[in-house]
4 protein chains.
Amino acid sequence: MTSAGTPAHGTRHGRTGRPRSAEADRAILDATRDALVELGWSKLTLGDVAARAGVAKTTLYRRWAGKNELVVDAVAALFDEHLELPDRGGLQADVEGVVRQFAALLERPETKTALMAVVAESTRDPALRERIRTAIVDRQKALVLLGRERAQARGELPVETDPAAAARTADLIFDVIAGAVVHRTLVSAEPVDGAWARSFAALLVGGLTAGA
Amino acid sequence: MTSAGTPAHGTRHGRTGRPRSAEADRAILDATRDALVELGWSKLTLGDVAARAGVAKTTLYRRWAGKNELVVDAVAALFDEHLELPDRGGLQADVEGVVRQFAALLERPETKTALMAVVAESTRDPALRERIRTAIVDRQKALVLLGRERAQARGELPVETDPAAAARTADLIFDVIAGAVVHRTLVSAEPVDGAWARSFAALLVGGLTAGA
Amino acid sequence: MTSAGTPAHGTRHGRTGRPRSAEADRAILDATRDALVELGWSKLTLGDVAARAGVAKTTLYRRWAGKNELVVDAVAALFDEHLELPDRGGLQADVEGVVRQFAALLERPETKTALMAVVAESTRDPALRERIRTAIVDRQKALVLLGRERAQARGELPVETDPAAAARTADLIFDVIAGAVVHRTLVSAEPVDGAWARSFAALLVGGLTAGA
Amino acid sequence: MTSAGTPAHGTRHGRTGRPRSAEADRAILDATRDALVELGWSKLTLGDVAARAGVAKTTLYRRWAGKNELVVDAVAALFDEHLELPDRGGLQADVEGVVRQFAALLERPETKTALMAVVAESTRDPALRERIRTAIVDRQKALVLLGRERAQARGELPVETDPAAAARTADLIFDVIAGAVVHRTLVSAEPVDGAWARSFAALLVGGLTAGA
DNA sequence: TCCTAATCGAGACGGTACGTCCTGTCTTGGT
DNA sequence: ACCAAGACAGGACGTACCGTCTCGATTAGGA
């Protein structure tokens, strides 16, 4: 994965005045992750984050609109760093790989406590939903798309010619994979181990190839 | 679905004194749902709920430990009332049915804003997780188990003899169904319409029967 | 001097609910005076007062609208306790007495730093001005009126029959006495000692009796 | 009255470099007076003054230590411009004149809200007190001294030979005049009209001449 | 003509206090 | 024993100013 680090807060409002400290951004996001681990989402306070980061509260509010936006950016950085999909040689193996990778991120204490919380908030805040989508969800979805392309190249999956149908299928697969992992991890609160990943991948690959 | 309504808050500590008002319970849960619809999870306050219910805050705290527990009970009542699985004659149709039913509940504004929020809280509160499981999750899972039994009776699915393996499979199927619906509804924020339910059910049934 | 102590904040809004703590009122006013002595008007903060009083900020704001009102009440209590006018047997002696009494109050660090500050604020806040008048100024003025009555009874001053003219004269005398003491104490920043009080009283008594 | 305008802020630290803008000083003091009229002392902020003056906050802080000093200078300029004492031919008339002149200045909204505020601050800040004395009080006192000299020249007042006693008497008269006007204007919040000025002057002149 | 240095605007910075809101507990009097 | 009402201690909120700082851009006098 590439890019970002600290995603754009809009590119320089004016050209005059003291420039914003890049280090402050980094310190704030680090402090946010630390506070999430220690306190969890609901006990995390922006005043505490600012104190941990050695930064004034105003500096924090100058950059982020609130707790939701800050936490999305803090968690997004993790997804940015830790998502990749090496070619494991087959569809089943690739699905297992992506499942374990999602799970590894979701089992971190920072993301475990934060992700569903911001998703819950996003049900009443379209801007937040969009921010989650671009910062987190789309990065995950890219892996699913990549895996499908490889499977098609290998001949494991048929090539869908209608682009709308192709998009619908990709969305479906993504919801199934991401949803199953999230549900297993957060709702059922059971670990995603090798056996589960294998069973799930078998079920999915079976379903995808059954129609052929 | 049967039972509960207002599940036990422990059974009457002493025997004397004025008994608790049953109407208060109902009014509080109704007010909670109303407030969820109007304000969403994060802006809902217990003082406001008490005021809407025409009840003192003390009365509310005497019955529930906090916002999390109250909301779980308020939402659970909806799952209690609206989940059932009529026999639609085949596995594919039964899956479609359960999917649409989950989705109908998740698309209500009360549950949409509340469910992921309490799940997020539950990652740091085992008692809350247990409460969610017994009040909500297990009610959903019962439908999946029922559907499987019917499918096995019809011969659409093989009968698993090892009970541990049977439980693992049931858990997997449940995480896939519930997770996919949740992810579609809350993360992707797309509706679960007939077409999607059909595609998903086909994928799942294909996967389940592919190994045979 | 009699009455008040903690002047009315309106007499009980409703009759139900937990009654307001009378001790809190006392602790807050004590803490306010302490803070005025230590920090002065401009560095006094309501949060600090609340902390000193062992009281939540909300308790303070429930009773007073802001710093101005609180300080007026805190200072007024001093005027309430320390103003009285024993009959010293003659007009000159009575004037000296009242002058020394005003001065003694104004030279306290609490009042020195606070009184002009709230008067300054009152120039833009009629409600505050009224509060100062009833809580502080009128108590002082009563002494002047008492002194005049005694002087008239002794035959040192003529009896004014026109009540409007009598009021005008009383106002004038009051502004001269209080103004001179305030100016000497706060603007000139010189002490009001026996010599000054004697000279001032002589000047005033001379002026009052010159026309006769 | 003569002099000053913008009194020295120390005389050029180094000799090279860009010189300070004289116009900035003027703009800042004008803006300060405007802000005092609009907002009053307590709501006046230096950031707002800087913005009104079209000047950076830094420029303001380079010249004044804080709000107190700035406001003293801003109102001092008014005293500088508007105090003078034409010879009205008699002590009573001169006293009336000086009283009305003080009152006219104190009844301006800028001075009304600011003067007592800085005096209040000065009770805990000797440097500020000194600044007020030299910038404002001494200018007023000069008028009182001038009036006394004239009265002595006219034979209306005796010539005091002991210089210490003369100074004490002048201070007393000044505290009485200035104090009475301030108290009438700011505490009693009544206008200083012709009738009041006449009554007050009669009282004072009566007192001054009674001993003779 | 360049150089040096203090000025200027802009605006971000670490802080502090604000006044409001919500939490969960408590104290009333009344049922 | 329960209830409605509402005061209580505590603590986070997001905003507003404070006085300081860091920028790049002027604007002089002295070299």
>> In whole Å, I'd like the distance from the CG atom of C:D48 to the P atom of E:dG15.
In response: 20 Å

> So, are D:D34 and D:R52 salt-bridged, with charged N and O less than 4.0 Å apart?
Replying inline: no

> When the distance from CG of D:L46 to C1' of F:dC17 is rounded to whole Å, what number comes out?
Replying inline: 9 Å

> With a 4.5 Å limit on heavy-atom distance, are the side chains of A:D30 and A:R33 in contact?
Replying inline: yes

> Is any side-chain N or O of B:R62 closer than 4.0 Å to OP1 or OP2 of F:dC3?
Replying inline: yes

> Is D:D25 close to D:W64 at the side-chain level, that is, under 4.5 Å between some pair of heavy atoms?
Replying inline: yes

> Does the base of E:dC26 carry an N or O that pairs as donor and acceptor with the side chain of C:R18 under 3.5 Å?
Replying inline: yes

> Touch check for B:T58, heavy atoms < 4.0 angstrom, all strands: base, sugar-phosphate only, or nothing?
Replying inline: base

> Is any side-chain N of the basic residue among A:D48 and A:K43 closer than 4.0 Å to the acidic one's carboxylate O?
Replying inline: no

> Rounded to the Å, how far apart are B:R52 CZ and F:dA5 P?
Replying inline: 16 Å

> Rounded to whole angstrom units, what separation is found between the CD atom of D:E23 and the P atom of F:dT27?
Replying inline: 13 Å

>> Can you work out whether A:T45 or C:A56 has the more 5'-proximal nearest nucleotide on DNA chain F?
In response: C:A56

>> Rounding to an integer number of Å, can you tell me how far A:K43 NZ sits from E:dG24 C1'?
In response: 13 Å

>> Between C1' on E:dC13 and CG on A:L60, what's the gap in Å once rounded to a whole number?
In response: 13 Å

>> Side chain of D:K57, heavy atoms from C-beta onward: which of E:dG14, F:dC13, E:dA12 has the nearest atom to it?
In response: E:dA12

> Is any side-chain nitrogen or oxygen of B:T59 closer than 4.0 Å to OP1 or OP2 of F:dA4?
Replying inline: yes

> Between C:G54 and A:G47, who's closer to the 5' end of DNA chain F by nearest nucleotide?
Replying inline: C:G54

>> With a 4.0 Å limit, can you tell me whether C:R63 has a side-chain N or O closer than that to the phosphate oxygens OP1/OP2 of F:dC8?
In response: yes

> Does NZ or CZ of B:K67 fall inside the cone over B:W41's six-membered ring, less than 6.0 Å from its centre and within 45° of the axis?
Replying inline: yes

> Can you check the D:E121 CD to F:dC18 P distance for me, whole Å?
Replying inline: 13 Å

> From E:dG11, F:dT20, F:dC23, pick the nucleotide closest to the side chain of D:Y61?
Replying inline: F:dT20

> Could you give the CH2-to-P distance, from C:W64 to F:dA7, as a whole number of Å?
Replying inline: 14 Å

